[in-house]
Amino acid sequence: MTNHIVLFEPLFPANTGNIARTCAGTNTVLHLIKPLGFSTDDKHMKRAGLDYWDKVEVVYHDDLPSFMATLPDLENFYIVSKFAERDYSQADYMTAGDHYFLFGKETTGLPEPFMRQYPDQAIRIPQNDDHIRALNLSNSAAIVIYEAMRQQGFPQLARTHRYEDDKLK
């Protein structure tokens, strides 16, 4: 079972770099759907991802239909959006197979016709809609991937860490 974070036409290199770092730390594959609002060679992208960019498996897709064509089925495909009827913590991320979490563009989200085509795949992070339009993209990706990893028992992740010379003992 592998988790995948999928970014639709990301605009800001800092968000994508932060998400790449989260992917590196959770063994999550990062998918980028073009067009991108930056070059992945951009100095801001490298700064945001720092030493971690080479530790992430990055898959590029020319457009949303090209990405959708790579999915084996819709069973473990989730669209993270404020326009959803169920909470992200209500989904079962323990089912067999890879899990894909699609996030929309920072400014406009995902195309409405696409969202209407897949309403059962939509999950939402609770928020106060009167105060904000949306949570930050990199924060949202971290919230969702860590819930999936929690349900999966944090496979292949270190759950504790100790100092070589533990000053706390």
Side-chain angles (χ1 to χ4, degrees), residues 1-33 36 40 45-61 64 67-68 70-106 109-110 114-115 118-128 132 134-163 166 168:
M1 175 181 332
T2 301
N3 292 309
H4 302 256
I5 290 177
V6 185
L7 304 181
F8 172 73
E9 300 181 1
L11 294 172
F12 307 125
N15 279 336
T16 302
N18 288 334
I19 292 167
R21 181 182 297 215
T22 298
C23 289
T26 58
N27 304 312
T28 300
V29 178
L30 176 60
H31 296 256
L32 300 176
I33 300 174
L36 309 180
T40 52
M45 171 62 80
K46 292 193 189 299
R47 185 181 314 140
L50 207 57
D51 307 356
Y52 308 99
W53 195 245
D54 65 330
K55 307 279 190 287
V56 179
E57 181 181 345
V58 182
V59 180
Y60 294 90
H61 303 275
L64 192 52
F67 163 73
M68 293 300 292
T70 68
L71 293 176
D73 55 48
L74 297 178
E75 184 178 352
N76 296 324
F77 171 60
Y78 306 92
I79 298 169
V80 184
S81 171
K82 72 185 271 182
F83 301 102
E85 297 296 322
R86 86 180 150 147
D87 183 311
Y88 77 101
S89 66
Q90 296 171 315
D92 179 6
Y93 306 119
M94 293 290 296
T95 56
D98 288 3
H99 293 257
Y100 295 83
F101 302 95
L102 174 62
F103 295 84
K105 186 188 307 191
E106 289 98 331
L110 289 159
F114 177 83
M115 293 289 300
Y118 301 102
D120 294 338
Q121 275 64 47
I123 57 175
R124 173 187 168 90
I125 300 170
Q127 68 176 33
N128 186 327
I132 60 171
L135 294 170
N136 173 273
L137 180 62
S138 61
N139 292 341
S140 297
I143 289 168
V144 171
I145 201 63
Y146 269 93
E147 172 60 18
M149 300 290 295
R150 183 193 68 78
Q151 288 186 25
Q152 296 163 2
F154 299 108
Q156 302 176 357
L157 299 186
R159 295 189 70 163
T160 61
H161 187 81
R162 301 211 187 295
Y163 292 105
D166 194 346
L168 302 178

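Quick note: numbers below take in every heavy atom, side chains included, and nothing from hydrogens, waters or symmetry partners. FYI, the numbering just counts along the sequence from 1.
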Q. Pro155 versus Met149: any side-chain heavy-atom pair under 4.5 Å?
A. yes
Requested in this report: For the residue pair Asp98 and Asn76, confirm or rule out a side-chain donor-acceptor distance under 3.5 Å.
Outcome: no
CD1 of Ile132 to NZ of Lys82, rounded to nearest 0.5 Å, is 8.0 Å
Between Met1 and Gly97, the two heavy atoms sitting closest are CG-O, 3.2 Å
_OH (Tyr60) with more than 12 external heavy atoms under 6.0 Å_ = yes
- Query: When you measure from the side chain of Arg86 to the backbone N and O of Ile123, does any donor-acceptor pair fall under 3.5 Å?
  - Reply: no
Rounded to the nearest 0.5 angstrom, the CG-OH distance for Asn3 and Tyr100 is 10.0 Å
Flag the pair Thr22 / Ile145 as yes when at least one side-chain heavy-atom distance between them is below 4.5 Å, and no otherwise. yes
When you compare the side chain of Ile125 with that of Gln127, does any pair of heavy atoms fall below 4.5 Å? no
Glu147 meets the side-chain contact (heavy atoms from CB on, under 4.5 Å) criterion, sequence neighbours left out, with Tyr88, Ser89, Tyr93, Arg150, Gln151
Between Ala20 and Val56 the two heavy atoms that sit nearest each other are O-CG2, 3.1 Å
So CG of Leu102 and CD of Gln121: to nearest 0.5 Å the spacing works out to 10.5 Å
Is there side-chain contact between Asn15 and Pro10, with at least one heavy-atom pair below 4.5 Å? no
Minimal heavy-atom distance between Ala24 and Lys55, with the atoms involved, is CB-CB, 4.1 Å
Distance col, row Leu11:CG vs Glu106:CD, nearest 0.5 angstrom, shows 5.0 Å
In terms of heavy-atom contacts, Leu157 and Thr26 come closest through CD2-CA, 3.8 Å
Given side chains that start at C-beta, do those of Leu7 and Leu137 come closer than 4.5 Å, heavy atoms only? yes
Lys105 meets the salt bridge (Lys or Arg N to Asp or Glu O under 4.0 Å) criterion, sequence neighbours left out, with Glu9
Problem - Heavy atoms of other groups near Glu85 CD, more than 12 under 6.0 Å - result: no
dist Thr28:OG1 -> Tyr146:OH (nearest 0.5 Å) comes out at 8.0 Å
Phe101 and Ala148 have their tightest heavy-atom pair at CZ-CB, 3.8 Å
Would Leu32 and Thr16 satisfy side chain to side chain contact (heavy atoms under 4.5 Å, CB included), going step by step from the backbone distance to the final call? CA-CA 9 Å; Leu32 300 176; Thr16 302; 3.9 Å; yes
ask   = Where does the angle between the aromatic ring planes of His31 and His61 fall among parallel (under 30°), tilted (30 to 60°) and perpendicular (over 60°)?
value = parallel
Task: Step-by-step side chain to side chain contact (heavy atoms under 4.5 Å, CB included) determination, Leu110 to Ser81 - done: CA-CA 8 Å; Leu110 289 159; Ser81 171; 5.5 Å; no
| task | Measure the acute angle between the ring planes of Phe114 and Tyr118, then classify it against the limits of 30° and 60° as parallel, tilted or perpendicular. | result | tilted
Does any part of the side chain of Gln152, heavy atoms only, come nearer than 4.5 Å to the side chain of Met94, both counted from C-beta? yes
Go through the steps for His99 and Asp92 under the test side chain to side chain contact (heavy atoms under 4.5 Å, CB included), then give the verdict. CA-CA 10 Å; His99 293 257; Asp92 179 6; over 6 Å; no
| task | May I ask you to test the Trp53-Leu30 pair for a side-chain heavy-atom distance under 4.5 Å? | result | yes
